[in-house]
Amino acid sequence: MPTSFQFEYGRAFSRNIGWVTLDEQEKLRQSRVAIAGLGGVGGAHLLTLCRLGMANFNIADFDDFDVHNMNRQAGAFMPFMGQPKINTVAKLAQDINPETSLRLFPQGVTPENIDDFLQDVDVYVDGLDFFALPARRMVFAKCREKGIPALTAAPLGMGVAFLYFSPTGMSFEDYFKVKGHEQQEQYARFIAGLSPAMMNRDYLVAPEAVNFSEKRGPSTIMACDLCAGVMGVSVLKVLLKRGEIKAAPWGMHFDAYHQKLKHTWRPFGNANPLQQLLLKFIRPVLKGSKSTR
């Protein structure tokens with residue numbers, strides 16, 4: 001390899017300087033991020049944060065790449081079909097920065113490894129599948145217990161819905177209020193809490209593509225890329241303590257299809273009267289057919 005192409009951290013991420021200072025870049029370099037789920041958004045989060053110059057990650061995923069991942073997932077290339085997502089995306093991260101420190105959890109996040117998964121972590125980035133509510137609730141609760149900021153960016157239609165859970169603010173459970181409810185109601189509450197603005201629902205042209213019984217739904221690469229961009233900025237702001245980032249019950253939804261941005265504020269989370277009205281819309285759709293949104 002020519003000398004000019006040898007990896008050098010300062011040169012590799014020199015174009016970040018200006019938007020961050022040299023000291024801030026070093027702070028990002030030394031910080032550690034945990035990412036659970038390396039599919040549509042999780043893999044994109046990891047590679048985006050690597051290109052931001054972050055170099056320490058705890059990552060978890062138990063799934064393998066399949067052809068149906070091709071439309072949106074960062075590591076989905078034909079040579080990688082059938083391979084573990086965690087190994088593939090970890091290799092891509094180290095191809096960006098060979099100095100990257102990766103702690104891998106190939107069994108996913110479990111009650112047995114959750115403490116190890118969050119060890120030394122400065123911020124948690126949620127990349128879990130929509131339907132992985134038990135795991136998601138566990139991780140967010142443990143983050144709160146350990147005082148770790150937790151962020152999620154949901155790819156909705158052709159947009160992104162973002163929520164930030166501060167360790168000292170409203171908790172995931174207090175916001176979504178899914179505890180004690182049956183599975184279908186939990187999904188309804190998760191949808192309502194993720195997207196109070198619901199800007200994406202009017203351009204779903206084939207509702208039958210959403211099938212909750214089979215745990216599948218449509219997705220776009222545009223939404224995943226938007227999620228990664230929003231998440232990268234938000235992680236930067238949390239770690240560098242720069243600029244305002246509003247925590248739940250505040251939320252943000254940007255929809256590129258409608259070219260609209262909405263900020264939402266839902267005190268009491270899903271107990272808010274506006275959320276109760278939204279749930280009245282969502283529940284019949286979930287119960288009356290296999291499809292929603």
Side-chain angles (χ1 to χ4, degrees), residues 8-36 41-59 74 93 96-97 99-102 118-127 139-140 142-155 159-172 175 194 197 223-256 260-266:
E8 179 190 344
Y9 182 90
R11 186 179 177 202
F13 304 106
S14 60
R15 296 299 178 94
N16 293 341
I17 305 306
W19 301 116
V20 299
T21 67
L22 284 169
D23 286 344
E24 287 175 330
Q25 185 68 68
E26 185 61 23
K27 169 70 173 174
L28 294 174
R29 183 184 188 181
Q30 298 300 325
S31 298
R32 181 168 291 273
V33 176
I35 306 174
V41 292
H45 291 333
L46 176 61
L47 300 189
T48 295
L49 295 174
C50 281
R51 293 195 187 279
L52 185 59
M54 302 197 68
N56 302 285
F57 300 93
N58 298 354
I59 58 175
I96 294 169
N97 178 359
E99 299 172 359
T100 300
S101 166
L102 290 159
L118 293 175
Q119 185 176 356
D120 305 323
V121 165
D122 298 293
V123 62
Y124 169 66
V125 168
D126 181 31
V139 177
F140 275 85
K142 186 63 73 168
C143 285
R144 186 172 181 83
E145 177 186 314
K146 293 177 176 290
I148 298 171
L151 303 88
T152 189
V160 50
F162 174 80
L163 288 167
Y164 162 49
F165 289 92
S166 163
T168 58
M170 191 176 210
S171 72
F172 183 94
Y175 180 78
L194 277 177
C224 293
D225 283 350
L226 286 166
C227 286
V230 168
M231 184 62 76
V233 173
S234 301
V235 168
L236 179 151
K237 291 175 76 173
V238 167
L239 290 175
L240 301 183
K241 297 178 172 58
R242 273 181 46 182
E244 183 181 28
I245 177 168
K246 292 183 176 179
W250 282 96
M252 185 273 287
H253 190 163
F254 172 70
D255 189 274
K260 289 183 179 179
L261 171 67
K262 289 188 179 181
H263 293 277
T264 54
W265 184 54
R266 296 294 186 268

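By convention here, the first residue in the shown sequence is residue 1.
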> Side-chain contact, heavy-atom cut-off 4.5 Å: K27 with V20?
Replying inline: no
>> Whether the side chain of R32 engages the backbone of F57 through a donor-acceptor N/O pair (distance < 3.5 Å, no angle test) should be reported.
In response: yes
> Donor-acceptor pair, N16 side chain versus L52 backbone, under 3.5 Å?
Replying inline: yes
> For the residue pair C227 and P155, what are the closest heavy atoms and their distance?
Replying inline: SG-N, 3.4 Å
> Roughly how far, to the nearest 0.5 Å, is the NE2 atom of H253 from the CG atom of D255?
Replying inline: 5.0 Å
>> Could you report the tightest heavy-atom contact between G159 and A223, atom names first, then the distance?
In response: O-CB, 3.4 Å
> For V139 and D126, what are the C-alpha separation, side-chain angles and deciding distance, and is it a side chain to side chain contact (heavy atoms under 4.5 Å, CB included)?
Replying inline: CA-CA 9 Å; V139 177; D126 181 31; over 6 Å; no
>> Before you tell me yes or no, could you show the steps for T264 and W250 under side chain to side chain contact (heavy atoms under 4.5 Å, CB included), namely the whole-Å CA-CA distance, both residues' side-chain angles and the distance that decides it to 0.1 Å?
In response: CA-CA 6 Å; T264 54; W250 282 96; over 6 Å; no
> Measuring from Q25:CD to L236:CG, what's the distance to the nearest 0.5 Å?
Replying inline: 9.0 Å
>> With a 6.0 Å cut-off on the ring centroids, do F140 and Y124 count as close?
In response: yes
> Roughly how far, to the nearest 0.5 Å, is the OG1 atom of T152 from the CG atom of L163?
Replying inline: 7.0 Å
> If you take all heavy atoms of C50 and F13, which pair is closest and at what distance?
Replying inline: O-CE2, 3.2 Å
>> Using every non-hydrogen atom in the two residues, find where L151 and V238 come nearest and quote the distance to one decimal.
In response: CD2-CG2, 4.3 Å
>> Please check if the number of heavy atoms outside R51 that lie under 6.0 Å from its CZ is greater than 12.
In response: no
> Short question: side chain of Y9, backbone of G53 - any donor-acceptor pair under 3.5 Å?
Replying inline: yes
> Any donor and acceptor pair, going by atom type alone, linking the side chain of D122 with main-chain N or O of S31 inside 3.5 Å?
Replying inline: no
> What distance separates M231 CE from T48 OG1, expressed to the nearest 0.5 Å?
Replying inline: 10.5 Å
> Do you know the tightest heavy-atom contact between V41 and G127?
Replying inline: CG2-CA, 3.9 Å
> Under the side chain to side chain donor-acceptor pair (under 3.5 Å) rule, what pairs show up with a residue in residues 232-245, not counting sequence neighbours?
Replying inline: E24-R242
> Which distance, rounded to the nearest 0.5 Å, do you find between the CE of M252 and the CD1 of I245?
Replying inline: 9.0 Å
>> Just verifying a value: how many Å separate C224 SG and H45 NE2, rounded to the nearest 0.5 Å?
In response: 8.5 Å
> With distance as the sole test, does N56 use its side chain to make a donor-acceptor pair with the main-chain N or O of R29 at under 3.5 Å?
Replying inline: yes
> Side chain of N58, backbone of Q119: donor and acceptor closer than 3.5 Å?
Replying inline: yes
> Minimum heavy-atom separation for A93 to L47, with atom names?
Replying inline: N-CD2, 3.8 Å
> Mind checking whether V33 and V121 have side chains closer than 4.5 Å, heavy atoms only?
Replying inline: no
Enumerate, atom names and distances included, each donor-acceptor pair closer than 3.5 Å involving a side-chain atom of residues 165-172, sequence neighbours excluded.
unit_1 : atom_1 : unit_2 : atom_2 : d
S166   : OG     : T168   : N      : 3.2
S166   : OG     : T168   : OG1    : 3.2
S171   : OG     : D174   : N      : 3.0
S171   : OG     : D174   : OD2    : 3.3

